[in-house]
Amino acid sequence: MTVSSRQTRFRVEGMDCASCAAKIDTAVRRMPSVADVKVSVVAGTMTVEHDDSLDVAAVSRKVSGLGYKTVPAGNAQSPADAKAKAAQGCTGDHAHEHGARHGTGEPTSHSGSSRNSSRAEKSDGLEGLHGHDHAPQDGSWWATSKARLTIACGAALAIAFVAAKLFPQTQPWGFIIAMAIGLIPIARRALAGATNGSPFTIETLMTIAAVGAVVIDAAEEAAVVVVLFLVGELLEGIATGRARASIRALATLMPKTALVERDGATETVAAESLGVDMVVLTRPGDRIPADGVVVSGESAVDEAPITGESVPKRKEPGDVVFAGTINQEGVLRVRVTAAAADNTISRIIALVEEAQETKAPTERFIDRFAKYYTPGVMVVAALIAILPPLLTGADWETWIYRGLAALLIGCPCALVISTPAAIAAALSAGARRGLLMKGGAILENLGKVDSVAFDKTGTLTEGKPKVTDILAIDRTKHEVLRLAAALEAGSSHPLATAILAKADDEKVAVTAASDAGAVGGKGVVGTVDGVKLFLASPRAASEKVVLDETLSARIAALNDEGKTVSVLLVADTVAGLIAMRDEPREDAKAGIAALRDLGAETIMLTGDNRRTAKAIASALGMEARAELMPQDKQKIVGELRKAGRFVAKVGDGINDAPALAAADIGIAMGGGTDVALETADAAVLHGRVIDVANMVTLSRLTMRNIFQNITISLGLKAVFLVTTVLGVTGLWPAILADTGATVLVTANAMRLLGWKGISAS
């Protein structure tokens, strides 16, 4: 029987560190019918794979018994459905165009199930990060149950101190009562953990240390230690809440309502109810309520909330717009291409959440290490407490006290959280810039990249030709452009689109030619102002007129630059030349230079002709290999790996699939909803070449941060362990060392949330 046939997601309230996740994971994994468990502290969620016999309510009770409020976030679904759902929204009309442009032949579109996703499914996928899970960290920190317990315990300790001064006979009972207020919930969690497979938890260590301190007549210190522990946990929760808020802030970009056009009238509906192919009206100042394509209207759209670009982008009919961006000037009619559960923002949140649930290699190593480290600490603490009195006749009370302090110092909390805190913060920071990485392992490995292989069309270049040169021969440049645009008016051919776009940029008035038509494989003909025109390839033009050596040399020079040349004939006279090329992205040169500065070699792998590839690569300062089939690209990537290089392959994720799979890291480059996330390990959502360098930089910063965290954690423990054994420090400094290390590690990891990335300017 296959156990992992269903998948259920739960919202878990109260988790604030990796040890919380470990306890929940261990307890639920021991339940019958459970195949796999993934717990995300930052998301506040747990995903359980199971068969149909699992009692979902029993899972909630099990986790609630550990001290965490747990409720199912939605209906159970198959893992395959869940995976497909995370990748949905990657396609649509824009993807159709993208695929057709690159010769994939078949459009890719949303599945019917995607279009009909229920609200329950939407909640299931996103609730953990959309602000619907009212976990303790989500509200004001002082209103949480954890804060109330800390304040109550602290107040009881203060009263005990005052009572001890005024009424000495109340000692040690006042401190014992104060300690009990905070320790009873801790001890209950320790007991629940022990009975569910996690005997060596921080709660266990704290309970033993506090009770032991009371036994050796150190009730005052025991009470202070418990209060400091609760303060430390509260600070961890606040820090974890910041990580949650950083991603959840994306969800707040979505407007609550949208204006839908129906039967010639507009109707206000909930934005989450929008379906594919609906037409919405977006007024100046409104946030666009869904991913879509502009049907009519022109406006500048502020995409900074999604892409980080400071300059608004001009949007015209046919252009893609993203949910959450801000319409600034004119009214736009937008046809929806993705349902609410599949739009750009929802997809980013779901993918980051999924990535945070996947442990990085370093995190897995730390987890394995902690399994042996924690019981080892308890053994060492016991030896410190027992051996000196037994072997040397030293004072039992003194050495038991030191053993208890060592027990607290050895708490692995800071060590265990050192990696996931940094990974979560880095994934969140990357997502805000449109850098999506499928898990901590990918994030870690990106820093090792020393060779990057790029596709050309649509990756290093825009994927559509632009007019680069207009050479006047018998007419002015303005006239050459006007006549060429007249011939191409109404055509959707890529070269025609480039000429018409240039005419629009130059404010050239275009009147469509009469008797216009295409001449198969040669060009287009038509009549303007009573004169016959022919916009043709150089070979076709040479069949009509003689192209002298000077003109032929100029055409050859433009071809050497990778440009396509069209010759405009006006009544059998060469009026001028128009050269076009698929130009590099604006930041391509800066992106390649940034990778070079990081020590990564770059190479272009393209199926285009050698002349064009060489021209583009030369302008960008990189090597090029041209006229390659998909299997050739795959072979070259394999050769680089055999040579000892750690290779990242960057492509559109469709026709580059073999090479993406062959690389150490496959990175999909795309614009918005057409990113082929399912074929790659990571994705540059907004099509910026420099973001490949940003991924490598973020990875290296994260690994440096993790190393710093581990050093802080183990370094502080080593120092205080020595001073405790020597009798210099005691219980108070011990718990301060542990709490301090945890707070320092978390705060250091949170610094990654402020990462801005490399700028192309």
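When a residue number appears, it is its place in the shown sequence, counting from 1.
Here the closest heavy-atom approach between residue R433 and residue W755 is recorded as CD-CZ3, 3.7 Å. Across every non-hydrogen atom of T702 and L698, the tightest pair is OG1-O, 2.7 Å. The minimum heavy-atom distance linking M437 with A682 is given by the pair CG-CB, 4.0 Å. Nearest heavy-atom pair across A422 and I706 is CB-CG1, 3.6 Å. In terms of heavy atoms, L721 sits closest to A406 at CD1-CB, 3.8 Å. Residues N705 and A749 approach most closely at OD1-CA, 3.5 Å, considering heavy atoms.
Distance alone, capped at 3.5 Å, is enough to place a donor-acceptor pair between the R700 side chain and the G447 backbone. Checking side-chain atoms of T711 against main-chain N and O of F707 turns up a donor-acceptor pair under 3.5 Å. A donor-acceptor contact shorter than 3.5 Å links the side chain of T195 to the backbone of A192. In this structure a side-chain-to-backbone donor-acceptor pair under 3.5 Å is missing from D52 to R6. Between the S699 side chain and the L443 main chain, a donor and an acceptor come within less than 3.5 Å of each other.
Under the side chain to side chain contact (heavy atoms under 4.5 Å, CB included) criterion, V379 pairs with L383, not counting sequence neighbours. The salt bridge (charged side-chain N to carboxylate O under 4.0 Å, His left out) search around R402 returns none, not counting sequence neighbours. Residues passing the side chain to side chain contact (heavy atoms under 4.5 Å, CB included) test with T150, sequence neighbours excluded: L230, V231, L234. Scored by the side chain to side chain contact (heavy atoms under 4.5 Å, CB included) test, R704 finds L701, Q708 as partners (sequence neighbours excluded). Here R61 pairs with D55 under the salt bridge (charged side-chain N to carboxylate O under 4.0 Å, His left out) rule; sequence neighbours left out.
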Under the side-chain contact (heavy atoms from CB on, under 4.5 Å) rule, what do H50 and V59 come out as? Steps first, then yes or no, please.
CA-CA 11 Å; H50 58 88; V59 176; over 6 Å; no

Pair V56-F10, side-chain contact (heavy atoms from CB on, under 4.5 Å): steps then yes or no:
CA-CA 9 Å; V56 174; F10 296 83; 3.6 Å; yes

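In this structure, CE in M378 is found 6.5 Å from OG1 in T204, a value given to the nearest 0.5 Å. One finds the CG atom of D25 at 9.5 Å from the CE atom of M46 (value rounded to the nearest 0.5 Å). Considering CH2 of W399 and CD1 of I386, their distance stands at 13.0 Å, rounded to 0.5 Å. Here CE of M695 is found 7.0 Å from CG of L436. Values are rounded to the nearest 0.5 Å. Atom CG of residue L427 and atom CG of residue L435 lie 10.5 Å apart, to the nearest 0.5 angstrom. Atom CD1 of residue I181 and atom CD1 of residue I186 lie 12.0 Å apart, to the nearest 0.5 angstrom.
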Just list the side-chain donor-acceptor pairs under 3.5 Å for residues 153-169, sequence neighbours left out, or say none.
none

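For the pairing with V39, the side chain to side chain contact (heavy atoms under 4.5 Å, CB included) check across T45, V28, I24, V63 returns one residue only, I24. Partner of T47 under the side-chain hydrogen bond (donor to acceptor under 3.5 Å, both in side chains) criterion, chosen from K38, R9, Q7: R9.
Side-chain contact annotation: T729 with T724, donor-acceptor N/O pair under 3.5 Å present.
Within a 6.0 Å radius of CH2 in W396, more than 12 heavy atoms belonging to other residues, nucleotides or ligands are found.
Residues L716 and L744 form a side-chain contact, since some pair of their non-hydrogen atoms from C-beta on lies under 4.5 Å apart. Residues L753 and S428 form a side-chain contact, since some pair of their non-hydrogen atoms from C-beta on lies under 4.5 Å apart.
A salt bridge links D36 to R29: one of the charged nitrogens lies within less than 4.0 Å of a carboxylate oxygen.
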